[in-house]
Enquirer: 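One structure, as structure tokens, below. Some questions next.
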Amino acid sequence: MIESVILPRAHDVGGFEVRRALPTRERQMIGPFIFFDQMGPGEFLTGQGLDVRPHPHIGLSTVTYLFEGEILHRDSLGSKQPIQPGALNWMTAGQGIAHSERTAPGLRAHRNRLFGIQSWAALPASLEETAPAFAHHPAEALPVIEDQGARLRLVAGEGWGQRAPVETHWPLFYADLELAPGADCPLPDHHEERGAYVVQGAVSVAGQVFDAGRMLVFRAGDRISIRGEGQGARLLLLGGAVMDGPRHIFWNFVSSRRERIEQAKADWAAGRFAKVPGDDKDFIPLPVKRG
């Protein structure tokens, strides 16, 4: 049932270590999900915090979901939104947007923790140049299913007989699953590509046990059930329809057309992206080489 097991690679983002599970050499996407970073768990000392300076995106939607802590999101549409655990931040870049992600000044007055996932969903080729947009849904607005030791929050998309409120541009599912020891949860079998990232604890699939920090990619068509092992587990479940072709990636840019990536690079270097209100004094320069 397991097509592959991906071990994330460590990176530094905004002064904070993250572990990246997508993209990899083995796998570019699971459904539309083309990027997947685990942030933390970690703690900032008093006076410190996350500082991801203003930077651009095209051709994708950013999906931010936290387990602990808080991030202040600002973008070039004028959005200013604190992101808290269990809430969904969905920012569609489309033809181009800039945003920053920081720890708010008030939280820096004391030690503060941060633990969460940031992922990107590629846009279909026909919508890559759509107008940028921003949506935020608090935790209480997202569907929750509880059954015999399993608690699932559907963050985005459709599955388990539920549909999340955020508008998506491609068939997908994205869910936060907590499993008590011995509890089971099936994966939706109507999505072509499916994956599960073990955030905490351990799980088993068809008798194989997998510890935290692994992205499991499942074969299409199989009926899959995930069981909590040991002290239980927490996972993010993700996937969807096979994307309409591969994507080119450079830095924060995703596109089905290589020339569009080159245009975005030139636009950022020349300052043609809109500024981020309230955070317009700083920015991340265009990388010199592919990163």
Side-chain angles (χ1 to χ4, degrees), residues 6-22 33 35-55 57 60-75 79-91 98-121 134-142 151 153 155-156 166 174-178 196-201 211-215 231-238 251-252 276 278-279 282-284 291:
I6 298 169
L7 297 178
R9 311 174 312 281
H11 293 262
D12 181 271
V13 174
F16 198 68
E17 184 177 274
V18 302
R19 287 183 281 178
R20 185 160 300 162
L22 291 175
F33 292 96
F35 178 94
F36 190 100
D37 265 5
Q38 175 183 326
M39 306 177 288
E43 184 175 72
F44 293 107
L45 300 177
T46 300
Q48 298 181 352
L50 182 72
D51 279 306
V52 181
R53 295 168 290 161
H55 58 281
H57 290 285
L60 56 87
S61 295
T62 63
V63 188
T64 307
Y65 185 79
L66 299 182
F67 306 117
E68 290 184 79
E70 183 176 306
I71 295 174
L72 180 60
H73 164 97
R74 285 188 172 98
D75 63 43
S79 312
K80 181 182 179 182
Q81 177 64 58
I83 312 169
Q84 297 172 334
L88 168 67
N89 234 52
W90 186 283
M91 183 187 76
H99 75 135
S100 65
E101 298 153 298
R102 299 186 186 268
T103 301
L107 292 176
R108 297 175 191 249
H110 50 76
R111 290 173 178 259
N112 63 96
R113 290 181 59 78
L114 184 62
F115 185 21
I117 303 290
Q118 180 156 93
S119 54
W120 301 347
F134 173 78
H136 178 85
H137 295 277
E140 57 269 23
L142 305 179
R151 185 178 192 273
R153 174 181 283 121
V155 180
V166 71
Y174 197 56
D176 175 12
L177 172 65
E178 296 177 82
Y197 185 77
V198 187
V199 177
Q200 293 173 316
D211 294 324
R214 278 131 176 100
M215 174 73 82
Q231 300 300 308
R234 192 167 193 176
L235 309 93
L236 268 183
L237 310 178
L238 68 157
W251 191 35
N252 302 309
V276 177
D279 198 353
D282 200 3
F283 66 94
I284 301 177

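All values below were derived from every heavy atom in this structure, side-chain atoms included, with hydrogens, water molecules and symmetry-related copies excluded.
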Enquirer: Less than 4.5 Å apart, side chain to side chain, heavy atoms only: is that true for L60 and F35?
Expert: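 Not in contact.
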
Enquirer: Tell me, do D75 and M91 make a side-chain contact under 4.5 Å, heavy atoms counted?
Expert: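 With C-beta onward as the side chain, the pair touches.
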
Enquirer: Are the side chains of P85 and F67 in touch, meaning some heavy atoms are under 4.5 Å apart?
Expert: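 Counting from C-beta outward, P85 and F67 never come under 4.5 Å.
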
Enquirer: Evaluate I6 against L22 for side chain to side chain contact (heavy atoms under 4.5 Å, CB included), listing each step before the verdict.
Expert: CA-CA 8 Å; I6 298 169; L22 291 175; 4.1 Å; yes

Enquirer: Among residues at least two apart in sequence or on other chains, which ones pass side-chain hydrogen bond (donor to acceptor under 3.5 Å, both in side chains) with T62?
Expert: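 If we apply the side-chain hydrogen bond (donor to acceptor under 3.5 Å, both in side chains) test to T62, skipping adjacent residues, there are no hits.
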
Enquirer: To the nearest 0.5 Å, how far apart are CD in Q81 and CZ in F134?
Expert: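 Going from the CD atom of Q81 to the CZ atom of F134 covers 5.0 Å.
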
Enquirer: Grab the two heavy atoms, one from A196 and one from L238, that are nearest each other, plus how far apart they are.
Expert: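 For A196 and L238, the tightest heavy-atom pair comes out as N-CD2, 4.2 Å.
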
Enquirer: How close do P138 and A87 get, heavy atom to heavy atom, and via which atoms?
Expert: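 Looking at all heavy atoms of both residues, the closest pair is CA-CB, 3.9 Å.
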
Enquirer: Could you report the tightest heavy-atom contact between W90 and S61, atom names first, then the distance?
Expert: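 Looks like NE1-OG, 3.3 Å.
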
Enquirer: Indicate yes or no: does R19 engage D37 in a salt bridge with an N to O separation below 4.0 Å.
Expert: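 No salt bridge links R19 with D37.
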
Enquirer: Quick one: salt bridge (Lys or Arg N to Asp or Glu O under 4.0 Å) partners of E68, sequence neighbours excluded?
Expert: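 Only R113 meet the salt bridge (Lys or Arg N to Asp or Glu O under 4.0 Å) criterion with E68.
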
Enquirer: Hey, what do you get for CG (L236) to OG (S119), rounding to the nearest 0.5 Å?
Expert: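 OG of S119 is found 8.0 Å from CG of L236.
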
Enquirer: Given M215 and F36, is the side chain to side chain contact (heavy atoms under 4.5 Å, CB included) satisfied, shown in steps?
Expert: CA-CA 10 Å; M215 174 73 82; F36 190 100; 3.8 Å; yes

Enquirer: Checking side chain to side chain contact (heavy atoms under 4.5 Å, CB included) for the pair L50/I71: CA distance, chi angles, key distance, verdict?
Expert: CA-CA 8 Å; L50 182 72; I71 295 174; 3.9 Å; yes

Enquirer: May I ask you to check whether over 12 heavy atoms, not counting those of F115, lie within 6.0 Å of atom CZ?
Expert: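 Yes.
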
Enquirer: Shortest non-hydrogen contact from P54 to V276?
Expert: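 Looks like CB-CG2, 4.0 Å.
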
Enquirer: Quick check for you: to the nearest 0.5 Å, what is the distance between E178 atom CD and R151 atom CZ?
Expert: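 Here the interatomic distance stands at 6.0 Å.
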
Enquirer: Any sub-3.5 Å donor-acceptor pair from S79's side-chain atoms to R74's backbone N or O?
Expert: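 Pair absent, no side-chain N/O of S79 close to backbone of R74.
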
Enquirer: How would you list, by chain and number, every residue that makes a side chain to side chain contact (heavy atoms under 4.5 Å, CB included) with Q84, sequence neighbours excluded?
Expert: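 Side chain to side chain contact (heavy atoms under 4.5 Å, CB included) check on Q84 returns E70.
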
Enquirer: Atom CG in L66, atom CD1 in I83: separation rounded to 0.5 Å?
Expert: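 Those atoms lie 6.0 Å apart.
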
Enquirer: Verify side chain to side chain contact (heavy atoms under 4.5 Å, CB included) between I117 and Y174, making sure each step is shown before the conclusion.
Expert: CA-CA 11 Å; I117 303 290; Y174 197 56; 3.4 Å; yes

Enquirer: Atom OG of S100 and atom CD1 of I284: how far apart are they, to the nearest 0.5 Å?
Expert: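 So the OG of S100 and the CD1 of I284 are separated by 9.5 Å.
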
Enquirer: Is H55 reaching over with its side chain to a backbone N or O of R53, donor-acceptor style, under 3.5 angstrom?
Expert: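 Side chain of H55 to backbone of R53: a pair is present.
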
Enquirer: Could you verify whether a donor N or O on one side chain and an acceptor N or O on the other, from H110 and N112, lie under 3.5 Å apart?
Expert: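 Distance-only check fails for H110 and N112.
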
Enquirer: Applying salt bridge (Lys or Arg N to Asp or Glu O under 4.0 Å) as the test, list every pair that has at least one member in residues 103-112; sequence neighbours left out.
Expert: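 As it turns out, the salt bridge (Lys or Arg N to Asp or Glu O under 4.0 Å) pairs with a partner in residues 103-112, which skip direct neighbours, are E43-R111, D51-R108.
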
Enquirer: Ignoring hydrogens, what is the shortest heavy-atom contact between L88 and A156? Give both atom names and the distance.
Expert: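 Closest pair (atom of L88, atom of A156, distance): CD2-CB, 4.5 Å.
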
Enquirer: For A233, enumerate each residue passing the side chain to side chain contact (heavy atoms under 4.5 Å, CB included) test, keeping only those at least two apart in sequence or located in another chain.
Expert: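 Scan of A233 (side chain to side chain contact (heavy atoms under 4.5 Å, CB included), adjacent residues dropped) gives V203, L235.
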
Enquirer: Determine the interplanar angle of the H99 and H57 rings, folded into 0 to 90°, and report it as parallel if under 30°, tilted if 30 to 60°, perpendicular if over 60°.
Expert: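 H99 vs H57 ring planes: tilted.
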
Enquirer: According to side-chain hydrogen bond (donor to acceptor under 3.5 Å, both in side chains), who are the partners of Y65, at least two apart in sequence or on a separate chain?
Expert: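 So Y65 forms a side-chain hydrogen bond (donor to acceptor under 3.5 Å, both in side chains) with R153, D176.
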
Enquirer: Search all heavy atoms of H136 against all heavy atoms of P82 and return the closest pair with its distance.
Expert: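 H136 and P82 have their closest heavy atoms at CE1-O, 3.8 Å.
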
Enquirer: Would you check if there is a donor-acceptor pair between the side chains of Q118 and E101 at a distance under 3.5 Å?
Expert: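 Yes, side-chain donor-acceptor contact under 3.5 Å.
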
